[in-house]
Amino acid sequence: MVKSTLLRIVLAALGLICVGLGFAGILLPILPTTPFILLAAVLFSFSSQKLGLWLERNRTFGPYLKHWKEGTGIPKAVKAKVLAMLWVSLSITFFLLQKPILIAVLAVIGTSVSIYIISIKPKKSGTIACKV
C-alpha cells in the first residue's frame, strides 16, 4: 500500500477507469477485458484494499482474477461464449459499416483475437465457471 494519500487516490481512480474499460470490453468485441481487470487489481493493491476486495468478490470480474491467480486458463464453455459474442458483434458491425476496407480490418482483428482465445489452454478441467 502506497503511503501518499494523493498517489493512492490517483491509483484508485486509474483502477476504476480500468474497471470501466474492462466492462466496456465485455460489450465491445475489439476491447479486451482481462488485461484491464488485471491492471485494476494491481492498482487497487497499491491504493485501496477495499476496492481490491470488491473487485475480487465482484460477480462479473472476480472469476477473471481467480482464473488468473490459479493459472486455470479459460474454460471451454467460456471460450465458446466469448467467441460467439465476438463474431455476432462483428457480424452486426460488418452489416452496419458496409465498407469493405473496415470490414477486412475488423475481420483480421477478430480472427487474431479468436486464434489467441483458442490458443489459451485450460490447465485444470472442471474448475470455476467464468461468466461473460
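Residues Arg8 and Val2 come closest through the heavy atom pair CD-O, 3.0 Å. Closest non-hydrogen pair, Cys18 versus Ala40, comes out as CB-CB, 3.8 Å. Pairing each heavy atom of Trp87 with each of Ala107, the nearest pair is CH2-O, 3.9 Å.
Between the CG atom in Leu55 and the CG atom in Leu65 there is a gap of 5.0 Å [rounded to 0.5 Å]. Phe23 contributes atom CZ, which lies 6.5 Å from atom CZ of Phe61 (distance to the nearest 0.5 angstrom). Rounding to the nearest 0.5 angstrom, the gap separating the CG atom in Leu14 from the CD1 atom in Ile9 is 12.0 Å. Distance check, rounded to the nearest 0.5 Å: CG of Leu11 to CG of Leu51 gives 11.5 Å. Distance check: Ser45 OG to Met1 CE gives 8.5 Å after rounding to the nearest 0.5 Å. The CD1 atom of Ile26 sits 12.0 Å away from the CG atom of Leu21 when rounded to the nearest 0.5 Å.
Tracing side-chain contacts under 4.5 Å through hydrophobic residues (I, L, V, M, F, W, Y), one never reaches Leu90 starting from Val88; they form parts of separate clusters. Taken together through direct or relayed side-chain contacts under 4.5 Å among Ile, Leu, Val, Met, Phe, Trp and Tyr, Val105 and Leu97 form part of one hydrophobic cluster. Using a 4.5 Å cut-off between side-chain heavy atoms of Ile, Leu, Val, Met, Phe, Trp and Tyr, with links allowed through other members, Leu53 and Leu43 fall into different hydrophobic clusters. Residues Val108 and Phe94 are members of separate hydrophobic clusters, defined by side-chain heavy-atom contacts under 4.5 angstrom among Ile, Leu, Val, Met, Phe, Trp and Tyr. In the hydrophobic clustering of ILVMFWY residues, with side-chain heavy atoms under 4.5 Å counting as a link, Tyr116 and Leu86 come out together.
Using a distance-only test at 3.5 Å, with no hydrogens or angles considered, no donor-acceptor pair links the side chain of Ser48 to the main chain of Phe44. Of the possible polar contacts, none joining the Arg57 side chain to the Gly62 backbone as a donor-acceptor pair under 3.5 Å is found.
Residues forming a side-chain hydrogen bond (donor to acceptor under 3.5 Å, both in side chains) with Lys69 (at least two apart in sequence, or on another chain): Glu56.
In the displayed structure, Gln49 atom CD is contacted under 6.0 Å by at most 12 heavy atoms of other residues, nucleotides or ligands. Around CD1 of Ile101, the count of heavy atoms belonging to other residues, nucleotides or ligands within 6.0 Å does not exceed 12. No more than 12 heavy atoms of other residues, nucleotides or ligands shown are found within 6.0 angstrom of CZ on Phe46.
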